There are 2 protein chains.
Amino acid sequence: MPQQLIRKLEQFTRLSGADRRAIWDVASRKGRFLGAHQDIIREGDKSEHVNLILDGWACRYKTLENGRRQIISFFVPGDLCDPHVCVFREMDHSIGAITPVRLAEISRDQLLDLTEAHPRVTQALWWEMLVTAAVQREWTVNLGQRTGRERIGHLLCELFIRLRAVGLTDGDSCLLPVTQVDLGDATGLSNVHVNRVLQELRADGQIVLKGRQLTIPDLETLQAVSLFNVNYLHLDREGRHLDANGPDTARAGCPVPQ
Amino acid sequence: MPQQLIRKLEQFTRLSGADRRAIWDVASRKGRFLGAHQDIIREGDKSEHVNLILDGWACRYKTLENGRRQIISFFVPGDLCDPHVCVFREMDHSIGAITPVRLAEISRDQLLDLTEAHPRVTQALWWEMLVTAAVQREWTVNLGQRTGRERIGHLLCELFIRLRAVGLTDGDSCLLPVTQVDLGDATGLSNVHVNRVLQELRADGQIVLKGRQLTIPDLETLQAVSLFNVNYLHLDREGRHLDANGPDTARAGCPVPQ
DNA sequence: CGCGTAATTGACTTTTGTCAAGGCCGGTGG
DNA sequence: CCACCGGCCTTGACAAAAGTCAATTACGCG
């Protein structure tokens, strides 16, 4: 079931059959199902394990005292939700399901065993964690410096490319199971403005969005007008220098503390 | 010279004398000086080591094709700049000095030696890295959901509290060696608007800002009107359960990959 | 003292938000 | 099969927040 995670990690480095089986194994132990709009974990809770999204979409979010909500990141299949495992006493944000979600709960010990036995996986999980941080930085840029239209365009480019990296696109189309309110909460725009921006993008032929189906006829153009530079996703097999050797024996710190 | 780093790490857990000496040691090997506005490392460069700020302020930033710049985070003494060491082929952003800066360059191997010998330090460095990520998330919220005034107020609260955590405040005052343009680049506001917001905050007695000296007469009030919740900085000795024991021998993954 | 950077101010424009009403559409129950 | 319901999308009119431009002032530093 964790095809997407494996596929994503292989954007960074090549994994052996044993590596893949080990990932498959930890991801198949303990599952959980949630309905749309349910919280996977809430601000203030203690996070006990890492959640791997197997199916569906989720998001990290925070709600302010004045009631406004910011979506901090989106999670799609193959994403790991909270690597803070056991360092922080409690979550400083919530994670909620957008669609119905199926996830695997991976304990800290399972992860430690996995990484001790599979240094290549360790490297790949490090890469995954650092890409997550890079995405967060890019969101800061998005919210701070781009216009409404650029923000939405940028977000759609990012989501499309991330989905493509895990095999969840179909040509130039993908599912986009989020409401316009969600898009607004992620981009810092009102739902009304999101609506208008989407119409503009549609009118210019830059997107086709009908129901939950998104089509980007010309990704390059959308990227250009959205000031989207794909570098921050680091999808270009940066760990490929490891491909030649057998199991990597270089010292590799473990991406799970304690 | 790395008093601030040590002091900061002790916000999380208690360190032994040997832990502190080991940190002192790696931070004293190789230093570097930069003038204000010089780049410590630039987008596209290969990052070879972790930079520890010993003195001065720096910032992470990105420049878009249209010339606009977003400051993604501020670094003050005691902060570690780029833990991406050697996973990514190249930096996806730049780090620049705001004031003249003195920093320590810590190689990956030094860090690995340090963490292998000092599990408590490993834990603390994990905590530091996760706090950095939490700060980045909070910036996303700041840019997405707060008004100009709240954004500036929030940023000032954060900086003041971070400085206080490393002993760089003096009562209710601290140095704020950034221009209004910098504040704008960090909060997504124009310099003109930053100026007006600062005047409002001054007029309401919420800050005193003269030259590079910032005073916050009533931090609690400023926090309240800025929707600032300190939790995300995780300064409350969350690792204090480790205090009692001697050197911690629990498995601790290393916060430096490869 | 003079230069250059940074801060300030005013007038005006643009972007985005708010409010409120109406339309679409899929699902459900009679 | 159809009417109704609720969530989501769409639209218009207006308001508020923030940006831009341009000129002026303050201030630190050599």
Side-chain angles (χ1 to χ4, degrees), chain A residues 35-38 57 64 66-71 97-100 142-153 155 175-203 207-214 225-227, chain B residues 35-38 57 64 66-71 97-100 142-156 175-203 207-214 225-227:
Chain A
H37 309 297
Q38 285 194 275
W57 284 45
L64 298 181
N66 63 9
R68 301 196 66 177
R69 177 179 81 138
Q70 175 69 36
I71 290 183
I98 290 176
T99 65
N142 206 29
L143 289 163
Q145 300 300 333
R146 283 186 260 258
T147 66
R149 185 162 169 176
E150 289 161 352
R151 282 187 222 180
I152 297 285
L155 177 59
L175 284 184
L176 186 77
V178 301
T179 66
Q180 292 182 4
V181 171
D182 292 331
L183 289 177
D185 287 352
T187 53
L189 302 168
S190 67
N191 59 337
V192 174
H193 199 62
V194 168
N195 184 280
R196 287 173 180 144
V197 165
L198 288 175
Q199 315 227 19
E200 279 180 41
L201 290 172
R202 276 192 275 239
I207 62 169
V208 180
L209 182 57
K210 225 172 159 174
R212 315 268 87 142
Q213 184 83 11
L214 168 69
V225 302
S226 308
L227 306 176
Chain B
H37 308 296
Q38 284 195 277
W57 284 44
L64 298 181
N66 63 10
R68 301 196 65 178
R69 176 179 83 136
Q70 175 69 35
I71 291 182
I98 290 177
T99 67
N142 206 28
L143 289 164
Q145 299 302 331
R146 283 187 259 259
T147 65
R149 184 160 171 179
E150 289 160 352
R151 281 187 223 180
I152 297 285
H154 192 279
L155 178 58
L156 296 181
L175 283 183
L176 187 78
V178 302
T179 66
Q180 292 182 2
V181 170
D182 292 332
L183 289 177
D185 287 352
T187 53
L189 302 168
S190 69
N191 60 337
V192 174
H193 199 62
V194 168
N195 184 280
R196 287 172 180 144
V197 165
L198 288 175
Q199 314 227 18
E200 280 180 42
L201 290 172
R202 276 193 273 240
I207 62 169
V208 180
L209 182 57
K210 226 169 157 179
R212 316 267 89 140
Q213 185 83 10
L214 168 69
V225 302
S226 307
L227 306 176

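Just so we're on the same page: letters track the sequence lines, and every chain starts at 1. Note: hydrogens, waters and symmetry copies are ignored here, and every other heavy atom, side chains too, is used. This one's a predicted model, so the numbers in the text were calculated from it and none came from an experiment.
In this structure, the CD atom of Glu150(A) is 9 Å from the P atom of dT16(C), given to the nearest Å. With rounding to whole Å, Ile98(A) atom CD1 is found 16 Å from dG7(D) atom C1'. Summarising the geometry, the separation between CG on Leu143(A) and C1' on dT16(C) is reported as 14 Å, rounded to the nearest angstrom. Atom CD in Glu200(A) sits about 9 Å away from atom P in dT16(C), given to the nearest Å. Between Leu201(A) atom CG and dC9(D) atom C1' there is a gap of 16 Å when expressed in whole angstrom units. The CG-P distance, from Asn191(B) to dA23(D), rounds to 16 Å in whole Å. Between the C1' atom of dA7(C) and the NZ atom of Lys210(B) lies a distance of 15 Å, rounded to the nearest Å. Put simply, CZ on Arg149(A) is 16 Å from P on dG17(C), counting in whole angstrom units.
Within the 4.0 Å cut-off from OP1 or OP2 of dT18(C), not a single side-chain nitrogen or oxygen of Arg196(A) is found. Contact annotation: Gln180(A) does not reach the phosphate of dG7(D) (side-chain N/O to OP1 or OP2, under 4.0 Å). Between Arg212(A) and dC9(D) there is a side-chain polar atom (N or O) within less than 4.0 angstrom of OP1 or OP2. Taking side-chain N and O atoms only, Asn195(A) has a distance below 4.0 Å to OP1 or OP2 of dT10(D).
Shown are Asn191(B), Leu198(B), Leu189(B), Ile71(B); of these, the side-chain contact (heavy atoms from CB on, under 4.5 Å) with Leu183(B) is made only by Leu198(B).
Residue Arg202(B) is classed as a sugar-phosphate contact, given heavy-atom separations below 4.0 Å to backbone atoms only. Heavy atoms of Ser190(A) sit under 4.0 angstrom from at least one base atom. Here Leu189(A) lies in heavy-atom contact (under 4.0 Å) with sugar-phosphate atoms only. Using a 4.0 Å heavy-atom cutoff across all strands shown, Gly188(A) reaches sugar-phosphate atoms only and no base atom.
Pairing each heavy atom of Glu150(A) with each of Val225(A), the nearest pair is CG-O, 3.5 Å.
With hydrogens and angles disregarded, no donor-acceptor distance shorter than 3.5 Å links the side chain of Arg212(A) to the backbone of Leu175(A). Using modelled atom types, one side-chain atom of Arg202(A) and one backbone atom of Leu209(A) make a donor-acceptor pair closer than 3.5 Å.
Using a 4.5 Å heavy-atom cutoff, the side chains of Arg146(B) and Leu64(A) are in contact.
Candidate nucleotides dT10(D), dC9(D), dA18(D) were compared by shortest atom distance to the side chain of His193(B), and dA18(D) ranks first.
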